Amino acid sequence: MEQKLRPARRRFLEHSALGLLGLAIAPSWLSAMDMSSSRGGGGTQPNPSFKPDVELELIAREEAVSILDGPKTQVLRYTARLITGPKEVLTELPGSYLGPLIRLQQGQKVRIQFRHELSEPTITHWHGLHVPAEMDGHPHQAISKGETRVYEFEVLNRAGFHIYHPHPHGATASQVYMGLAGGLIIHDPEEAKLGLPSGDYEIPLVLQDRSFDRNNQLVYASNMHERMLGFAGDQILVNGRPGGAIEVASRAYRLRIMNGSNARIYKLGWSDGSNVIVIGVDGGLLEAPERYPYVMLAPGERLDVWADFSGQSLGTVLTLGSLPFKGVLPRMATSMGGGRMGASKLPIGSAYPIVTFKVTQKMSDSPTLPMHLSRYPHYRLDQVMNKDRPIPIAIKESPMAMLLNGQPYGQGGFQPFERVPVNSLQLIEIFHDHAAAMEHGESSVSPKEALKKPSGMGGMGHQMMGMGGMNHEAGSREGGMGMMDGGMMMSMAHPIHLHGQQFQVISRTIGMGEEESYGTVKNGLMSSGYKDTVLVMPGERVRLIKPFNDFKGVFMYHCHNLEHEDMGMMREFEVY
Ligand code: C2O
Ligand code: CU
Ligand code: CU
């Protein structure tokens, strides 16, 4: 594995260094607005008036790759070809089923012509990018074999590490599982000035879990359990390869970590007990480095880590692993029917190694950790449009379905609070509606009131909404099961992802009865910086502030447990 990884990494990093030289920032806002009005774009034909700095052809197809010893594995894989632009845009991860890393600069205009040779429809989404709705890879834009979807957008994001992955409704989980995913790195001048480790010293780590059968073929069993809990594989793959040792020099490295798993949540920590030094999250660099005893990383989340091996002697081995934790899976999942809590040989929450670093080269100098990384505004409550009326994202968990705001994806149209004016800053509150109502007695709504139809929600706040939805369920579908049982039994962790611009988490509160398991994760829950995916623990209430700038149209929000997403735990905002 070392031999295979090293040349790849070297190429990857030479390219990144080059990329920073050719930096040219176009005046971005004006042209972005132009793009949002040209609704014709993002169709089947390139827009002739859009002049791309970077143009790619992206293809999804079936391939056989060698992952384990023995027979090759059939996968689905993104491949790309550069049509226009600097060659550092694309970097292959050799031997991986993952798509090439796409490396862009802020301000670049990008055209991507996407087509596929799969037997079922698909569409590609740029997770983390702030692009017009028509360019976002909405499920309704899914194309069939042989068709082409043309994306044209300008890179408005600050520097960060993002994901491109499929988003067809009902088939995202299986397509990602079979291999469709890739990393997308954006650079900007603010980041370039810091001189962070680059070249050989910047290492992407995409974490995924997979199960293989005796013939080395991927197994994606999705029985009722796996749909309700999310799929957990038997084995961890890093960059699409079985974990192994990465040879490093005794100096500082930049690790760009992505949780690309369908449902597995990691509690990342170092084997020697040293702190994890976090320099960035989903939406880019933090203001200053932060030290954590461990970091929770849920599907869809990214982490920028400063790993300092300076002063380590030759032969030192350090492992980044997942530490034990509790509370992310339902406590009483056994009553769901099958009796087993997930089928993985590597249970979520157990302890296991992920990737090992071995110091094989002595180096006398190393870059030092910058004290300040980035400057950005902190969103404040007095700036939001809806201070007293947060947009609810009510997580509803029942033995039959996982839902957001009481409705499965595609049903019921936009609820009033799902219509958001463009160029506004909004307060959003994510909570478990069972937990909120049952365990904490927070609601002052009487059962009678709660059973009223949640009509005219505009001015009523979220609690009525959550209560109404829940009680209807309790009274009908859940039948004889107590509401308390219903809530307690199914409460689990959900990584909630919002498309469009990144948000800032402003508070987390945990409900009574959840403190014990919460204690095993709480010191590693990410709340700093710009996020697009936030892990919401059982009983937890998370408040965040999100801008909805520049682009009108439909933007999704959903659970990034991909089995949940496919099950319908997804809704949309209409930005108008
Ligand atoms: Cu990473 Cu809507 O997706
Ligand atoms: Cu996304
Ligand atoms: Cu979920």
Side-chain angles (χ1 to χ4, degrees), residues 99 122-131 133 135-142 151 153 157 160-173 175-177 180-184 206 208 226-232 258-265 282-283 298-302 328-330 333 348 393-398 401-405 408-409 430-435 490-503 530-538 540 542 546 551 554-573:
T122 191
I123 189 69
T124 304
H125 164 59
W126 324 100
H127 177 134
L129 292 200
H130 176 42
V131 296
M135 306 299 166
D136 196 43
H138 190 280
H140 289 151
Q141 299 161 345
Y151 299 88
F153 56 82
N157 287 63
F161 186 27
H162 305 291
I163 317 170
Y164 60 101
H165 68 72
H167 220 304
H169 185 51
T172 296
Q175 291 185 4
V176 169
Y177 185 77
L180 290 181
L184 197 161
V206 178
Q208 295 178 306
E226 277 145 342
R227 286 205 307 278
M228 294 310 293
L229 304 181
F231 181 87
M258 173 203 301
N259 185 345
S261 309
N262 282 34
R264 181 176 293 271
I265 296 168
D282 307 349
E301 288 189 299
R302 290 88 74 201
V328 305
L329 292 180
I348 294 175
I393 299 184
I395 295 170
K396 183 179 153 21
E397 296 148 313
S398 84
M402 300 285 179
L403 299 176
L404 293 178
N405 286 329
Y409 177 67
I430 312 175
F431 57 96
H432 299 255
D433 67 357
H434 292 259
M490 291 308 302
S491 201
M492 64 179 285
H494 303 269
I496 303 298
H497 169 52
L498 285 74
H499 283 220
Q501 275 176 296
Q502 268 90 14
F503 50 78
Y530 283 102
K531 298 280 294 165
D532 56 51
T533 306
V534 61
L535 178 59
V536 182
M537 293 298 294
E540 200 179 26
V542 176
K546 175 177 159 67
F551 305 123
V554 174
F555 291 92
M556 285 169 284
Y557 64 98
H558 58 88
C559 183
H560 220 282
N561 175 317
L562 298 182
E563 282 72 31
H564 288 181
E565 174 185 339
D566 277 352
M567 192 188 287
M569 196 174 184
M570 175 156 79
R571 297 289 305 168
E572 294 165 335
F573 288 120

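Note that these values count all heavy atoms, side chains included, but never hydrogens, waters or copies made by symmetry. No experiment lies behind these values; they were computed from the predicted model shown. Indexing begins at 1, ligand by ligand and atom by atom, following the structure's order.
Using bins of under 30°, 30° to 60° and over 60° for the plane-to-plane angle, the ring pair His125/His497 lands in the tilted bin. Aromatic ring orientation, His138 versus Tyr409: tilted (interplanar angle from 30° to 60°).
Of all N, O or S atoms in His564, the one lying closest to the Cu ion (ligand 3) is ND1. The atom name of the N/O/S atom in His558 closest to atom 2 (Cu) of ligand 1 is NE2. When distances from the Cu ion (ligand 2) to the N, O or S atoms of His497 are compared, NE2 comes out shortest.
The shortest non-hydrogen separation linking Glu563 to Gly230 is OE1-CA, 3.5 Å.
Distance check for His499 against atom 2 (Cu) of ligand 1: an N/O/S atom falls below 2.8 Å. With a cut-off of 2.8 Å, the Cu ion (ligand 2) has no N, O or S atom of His127 in range. Within the 2.8 Å limit, His167 places at least one N, O or S atom next to atom 2 (Cu) of ligand 1. Not one N, O or S atom of His560 sits under 2.8 Å from the Cu ion (ligand 3).
One N or O on the side chain of Gln208 and one on the backbone of Gly260 form a donor-acceptor pair closer than 3.5 Å. In terms of modelled atom types and a separation under 3.5 Å, the side chain of Trp126 and the main chain of His162 share no donor-acceptor contact.
Considering the Cu ion (ligand 3) as centre, the angle to ND1 of His494 and to SG of Cys559 is 130° (10° rounding).
Counting only N and O atoms by type, the side chains of Tyr557 and Asn405 include a donor and acceptor under 3.5 Å apart.
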